[in-house]
There are 4 protein chains.
Amino acid sequence: MASVNKVILIGNLGKDPEVRHLEGGIAVARFPIATSESFKDKSGQKQERTEWHNIVVWRGLAEVAEKYLKKGNSVYIEGRLRTNNYQDKDGIQRYSTEIVADNMTMLGGRNESSGGAGGGNYQESAAPSSAATSSGPAGNTGKSSAFHNDEPDDLPF
Amino acid sequence: MASVNKVILIGNLGKDPEVRHLEGGIAVARFPIATSESFKDKSGQKQERTEWHNIVVWRGLAEVAEKYLKKGNSVYIEGRLRTNNYQDKDGIQRYSTEIVADNMTMLGGRNESSGGAGGGNYQESAAPSSAATSSGPAGNTGKSSAFHNDEPDDLPF
Amino acid sequence: MASVNKVILIGNLGKDPEVRHLEGGIAVARFPIATSESFKDKSGQKQERTEWHNIVVWRGLAEVAEKYLKKGNSVYIEGRLRTNNYQDKDGIQRYSTEIVADNMTMLGGRNESSGGAGGGNYQESAAPSSAATSSGPAGNTGKSSAFHNDEPDDLPF
Amino acid sequence: MASVNKVILIGNLGKDPEVRHLEGGIAVARFPIATSESFKDKSGQKQERTEWHNIVVWRGLAEVAEKYLKKGNSVYIEGRLRTNNYQDKDGIQRYSTEIVADNMTMLGGRNESSGGAGGGNYQESAAPSSAATSSGPAGNTGKSSAFHNDEPDDLPF
DNA sequence: TTTT
DNA sequence: TTTT
């Protein structure tokens, strides 16, 4: 234990999300995103390297991805690394590393569909099968001492 | 929207947590942690600067803090920044920035009480008032294709 | 020691950056960015809370901020927390927490000036007084084994 | 552009680092680290899943890894994802994802050699071939206004 | 003082 | 192949 496994990415979708609806109504979406970095090679030429990341989102986030994310969109992803191993069709053992996202924010960008959800932040909901409700934080108008603020307002979280 | 507010810290507690139990049984704990960085000043001398961060944890995480965290312990904190403003006792408007943690991992370290919880990872539970249940991820033995793994195992999340 | 102090933010500038050029040609820029989170209050009403963060960038990043960042722009910031204390004009001891950025990426957004730098990633350069050169990573075409890739290509970093 | 590729891990080394010294004196070290997460399966049984991550460090960080890191040690890693493709010995195209670390902090843990470097934070140096110097931040005693602190002290960064 |  |  005492472990942390966290990935933070901003990149563009290489394809529209592929969405599947499992039994029980659970949705899963997968899509690749590209990040790129530029550097100078030893001759001083500017070079660019693109990295592709396989993103997986579940439940409410998958539904959000299905509705709003398109090829070319820019997205902020927070998640964790997961490497699966499997036999390919020729019986060869293979590994595939993906990022299971639990936080996703649309940043617009190219081909921005802008169908109404530009720039929303979505979090994995803890509750199974639920939509991506904002499990988020809450306000406190903070009249009292900041470091000893104990009146639970609407949501003291 | 389209915003992200995330803080990641590893540091040592400057004091034991102060815990309060609000009505409804909600717990809040506060404690300062120190991070330090070393650098060379212009005369080439190694210098160190310590930064203090005010951590706030709610509910189950607060109970974990109360039970297991002591002055001197090393801890990993993931949370978000929050600046409260308030009037001090002299009526002066003041600001106080704190980190509301939603993920906390004990890393041991000095004075390690080691009372049974060395190195646990704890997450803010979405459900109000609940203990810090692992709202965490799940396994999939992954016999099938990694990128099209659709049989929901125990927990397909 | 053994400490980490890291902040990751995506938000919008509340004002144009204020830039100062110190002796030695070192530039410093400061600007506030807003992050906001929405939540439901106990009556089920959607509420929003905005958090303001004071960003400080030095040297090359400050020059980038001066040239390209405007009020309203969306920006990704990676940096560290720093709390300064000072006496205000009335001799009162005050604290101010800011984020010293060492990585900055423009994300566009409203009022996007688009004057040629949409979406650049900039890193704090380690070398004092230098412009924000890309201290970034490098390529390796990776013909050989991935886990034992030892031919230093252009830049083996 | 406008991309971010960041990984943050805390885990334990599964093996001692393998270090290679390339021509030009550049060092590369590789080692696997494990992160684990626990969850409850549908029958309510506590389960654990371990994830393995291949870490690569260059230059000064590699030398630090060589000297101080041992199988079993706990380490904080900050880096970026990189997927290499290569032909294996049978001519099969394979992919391997690794984390190129640019920040590493030893957290102690089991088998803690404690040979003098418990808990150091090390950063990738921008300068090629240099040792892992602290390219880190700097102090400012902050007598003046926090938000308009313009006297460059020792290191105004 | 931003943005949706 | 680690750790609890």
Side-chain angles (χ1 to χ4, degrees), chain A residues 1-5 68 76 83 85 105-108 112 114-122 134, chain B residues 1-5 68 83 85 105-108 112 114-122 134, chain C residues 9-18 30-39 46-55 69-77 106-112 147, chain D residues 9-18 30-38 46-55 69-77 106-112 147:
Chain A
M1 277 225 259
S3 71
V4 169
N5 174 357
Y68 300 115
Y76 168 90
T83 299
N85 64 339
T105 296
M106 300 163 55
L107 300 173
E112 189 173 6
S114 208
N121 178 298
Y122 303 91
S134 170
Chain B
M1 276 224 262
S3 72
V4 169
N5 174 357
Y68 301 116
T83 299
N85 64 338
T105 296
M106 299 162 57
L107 301 173
E112 189 173 8
S114 209
N121 177 298
Y122 303 91
S134 170
Chain C
L9 301 172
I10 293 177
N12 299 282
L13 277 79
K15 296 183 189 174
D16 288 357
E18 286 179 21
R30 290 170 196 276
F31 53 87
I33 72 170
T35 59
S36 56
E37 23 187 25
S38 49
F39 60 96
K46 207 178 174 189
Q47 301 284 355
E48 188 172 273
R49 177 180 159 112
T50 295
E51 208 61 52
W52 286 98
H53 312 271
N54 296 322
I55 310 298
L69 289 184
K70 296 280 170 241
K71 177 175 170 174
N73 286 172
S74 176
V75 73
Y76 169 89
I77 291 286
M106 300 162 56
L107 300 173
R110 259 248 251 167
N111 301 347
E112 189 174 6
F147 209 60
Chain D
L9 300 171
I10 292 177
N12 299 282
L13 277 81
K15 297 183 189 173
D16 289 356
E18 287 179 22
R30 289 169 196 277
F31 52 88
I33 73 170
T35 58
S36 57
E37 22 186 26
S38 49
K46 206 178 174 189
Q47 301 284 356
E48 189 171 272
R49 178 182 160 110
T50 295
E51 207 61 50
W52 287 97
H53 312 271
N54 296 322
I55 310 298
L69 290 184
K70 294 280 170 243
K71 177 176 170 174
N73 286 173
S74 176
V75 74
Y76 168 90
I77 291 286
M106 300 163 55
L107 300 173
R110 259 248 251 166
N111 301 347
E112 189 174 6
F147 208 60

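These values consider heavy atoms only, across backbone and side chains, with no hydrogens, waters or symmetry-generated copies. Each chain gets a letter, A, B and so on, in the order its sequence line appears, and its residues count up from 1.
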For the side chain of C:Ala34, starting at C-beta, report the closest nucleotide among F:dT3, E:dT2, F:dT1. E:dT2
Would you mind reading off the distance between B:Asn121 atom CG and F:dT4 atom P, rounded to a whole angstrom? 15 Å
Nearest-Å distance for atom pair CG/P, residues C:Leu13 and E:dT4: 14 Å
Would you call D:Trp52 stacked on F:dT1, i.e. ring centres under 5.5 Å apart with the planes less than 30° off parallel? yes
Report the distance from atom NZ of D:Lys71 to atom P of F:dT3, rounded to the nearest whole Å. 7 Å
Less than 4.0 angstrom from a charged side-chain N to a carboxylate O is my criterion; do C:Lys46 and C:Glu48 meet it? no
How many Å lie between NE2 on D:His53 and C1' on F:dT1, as a whole number? 13 Å
Rounded to whole Å, the CD-C1' distance (D:Glu48 to F:dT2) equals 10 Å
Which atom of D:Thr35 lies closest to which atom of A:Val4, heavy atoms considered: CG2-O, 3.3 Å
Residues that D:Thr50 engages under side-chain hydrogen bond (donor to acceptor under 3.5 Å, both in side chains), provided they are two or more places apart: none
Would you kindly check whether a donor in the side chain of C:Thr50 faces an acceptor in the base of E:dT2, or vice versa, at under 3.5 angstrom? yes
Quickly work out the D:Ile55 CD1 to F:dT1 C1' distance and round it to whole Å. 13 Å
Measuring from atom OG of C:Ser36 to atom CD of C:Glu51, what distance do you get when rounded to the nearest 0.5 angstrom? 10.0 Å
Could you check how far CG of C:Asn12 sits from P of E:dT1, rounded to whole Å? 15 Å
Starting at CD1 of C:Ile33 and ending at C1' of E:dT3, how long is that distance when rounded to a whole Å? 11 Å
